[in-house]
Amino acid sequence: MRIPIARTVAELRAAVAAWRQNGLKVAVVPTMGALHEGHLSLVRAALEKVDRVIVTLFVNPKQFNSAADLAAYPRTEHEDAAKLAPLGAHILYVPDAADMYPEGFATTVSVNGVTEGLCGAYRPGHFDGVATVVAKLFLQTGADVAFFGEKDFQQLHVVRRLARDLDIPIEIVACPTVREEDGLAMSSRNARLSPSQRQAAPKLAAILFEAAARIAGGASVDATLDEARSAIAAAGYVRIEYLELRAEEDLAPMHMFDRPGRLLVAAWLGDTRLIDNVAMPARQGAITRAAA
Ligand code: AMP
């Protein structure tokens, strides 16, 4: 069993046009490859919702901040295709960087507001790269629905905003973060961790969940996050970029747990940057306490 591969927009559009003639509903799952269970969960969710699923594989040079990071990014197209075929995904779109950004390419999609702070503060240009490529993928595929992981929560907001602002008729579906058994959020970057780093890595998620539980139980947001920062450092993380509570709906900073929130973190373990987040649905008790 093999998954058909389209390498040009023309091939992709021909396949989608044939589906459209038959009245089929189409989804796209954008990825940078090196597929793991997190990616595959998006594909499964898409297959449940629509008739035809396009998975895209493009290591987008515009969203990398450093040439070294781009060069080190795993490229495993053959293995990725082999993982997708048994699921029943319908086409793998693997565009060439020279076709995506030909000589003279001059357009950047830049989303304000939700890109302020968090990863936006530490990865200049990253979300412009994401927004530009995602807008292109939406327009190239013409999909009805797109699936994204909550793992990249700020990115999810960027994508929702750009679809809304540019009137791209696509529904954005968010899927929960898939974790390793020890709690570490799955990521293509986890493979870069040494055995001892891999052992320490899940402490980040554990500390995040613990802090979320304490805040939900009524503890002070700022004091709890200060303690959590110390715990993350003690766990072996060399640099904490951010650990913040933000509003679920619009990513506004929160210092009181008075509405649904997200606790988001980015920290470095050796040379590897890991991000994670946990949902904090507002509970009646917590809201009352914060408002009191
Ligand atoms: P990437 O290949 O890292 O660009 O990710 C492609 C898509 O997979 C994005 O929508 C990510 O949010 C999503 N994704 C990555 N890791 C996970 C995970 N552990 N659980 C759920 N979705 C994920």
Side-chain angles (χ1 to χ4, degrees), residues 27-49 53-65 69-70 72-77 79-81 83-84 87 89 92-95 97 100 111 114 118-119 123 126-138 141 143 145-163 170-193 198 201-202 204-205 208-209 251 262 264-266 272-279:
V28 61
V29 181
T31 82
M32 296 206 299
L35 301 183
H36 50 64
E37 268 305 310
H39 299 112
L40 301 185
S41 74
L42 306 184
V43 177
R44 286 193 197 95
L47 285 163
E48 271 178 29
K49 191 172 162 91
V53 174
I54 303 163
V55 179
T56 73
L57 192 178
F58 182 57
V59 182
N60 176 29
K62 286 193 186 292
Q63 72 186 71
F64 283 82
N65 305 95
D69 192 26
L70 173 62
Y73 205 83
R75 286 166 175 81
T76 56
E77 179 186 317
E79 290 85 343
D80 293 343
K83 286 177 188 166
L84 292 169
L87 297 188
L92 179 59
Y93 175 46
V94 191
M100 286 295 259
V111 177
V114 291
L118 305 175
C119 291
R123 304 189 66 188
H126 168 68
F127 285 123
D128 283 0
V130 169
T132 302
V133 81
V134 166
K136 279 177 74 82
L137 292 172
F138 285 179
T141 60
V145 196
F147 288 75
F148 287 88
E150 290 184 352
K151 159 87 190 333
D152 300 278
F153 196 70
Q154 193 174 18
Q155 168 175 283
L156 180 61
H157 274 270
V158 169
V159 167
R160 281 191 182 133
R161 193 70 251 171
L162 88 87
I170 193 163
E171 180 191 351
I172 309 297
V173 175
C175 297
T177 301
V178 177
R179 297 176 180 281
E180 302 287 357
E181 266 183 24
D182 57 16
L184 176 64
M186 286 191 184
S187 164
S188 311
R189 290 193 162 86
N190 293 350
R192 296 189 197 167
L193 300 172
R198 176 62 191 81
L204 186 66
L208 201 60
F209 277 95
L251 285 187
R262 277 272 159 176
L264 303 116
V265 68
T272 307
R273 181 180 184 272
L274 298 178
I275 61 171
D276 202 347
N277 68 80
V278 53

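Starting from 1, each residue takes its place in the sequence as its number. Just so it is clear, the structure is predicted and the values come from calculations on it, not from any experiment. Indexing begins at 1, ligand by ligand and atom by atom, following the structure's order.
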### Message
Heavy-atom distances under 4.0 Å decide this one: backbone, side chain, both or neither, for Leu42 against ligand 1?
### Response
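Just the side chain.
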### Region of His36 that comes within reach of ligand 1 [heavy atoms, distance under 4.0 Å]
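Side chain only; the backbone of His36 stays clear of ligand 1.
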### Message
Among all the protein's non-hydrogen atoms, which is closest to atom 20 (N) of ligand 1, and how far away is it?
### Response
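Closest protein heavy atom to atom 20 (N) of ligand 1: Val178 N, 2.8 Å.
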Quick check: [X] and ligand 1, any N/O pair under 3.5 Å apart?
X	result
His39	yes
Phe148	no
Ser187	no

### Minimal non-hydrogen separation, Ser187 against Lys151, with atom names
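Nearest heavy atoms, Ser187 then Lys151: CB-NZ, 3.8 Å.
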### Message
Minimum heavy-atom separation for His39 and Ser188, please, with both atom names.
### Response
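Shortest heavy-atom separation between His39 and Ser188 comes out as CE1-OG, 3.8 Å.
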### Query
Is Pro30 in contact with ligand 1, taking contact as a heavy-atom separation below 4.0 Å?
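Contact check Pro30 vs ligand 1: positive.
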### Query
Taking atom 18 (C) of ligand 1 as the point of reference, which of Ala45, Ala34, Gly38 owns the nearest heavy atom?
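Ranked by closest heavy atom to atom 18 (C) of ligand 1, first place is Gly38.
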### Task
Check side chain to side chain contact (heavy atoms under 4.5 Å, CB included) between Arg179 and all other residues, then give those that pass, not counting sequence neighbours.
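Counting only residues at least two positions away or on another chain, Arg179 forms a side chain to side chain contact (heavy atoms under 4.5 Å, CB included) with Thr177, Ala185, Ala205, Phe209, Asp276.
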#### Entry: Under 3.5 Å donor-acceptor, Ser41 side chain and Gly38 backbone
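Looks like yes, one N/O pair under 3.5 Å.
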### Side-chain ion pair, Glu37 and Arg44, N-O less than 4.0 Å
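Yes, charged N to carboxylate O under 4.0 Å.
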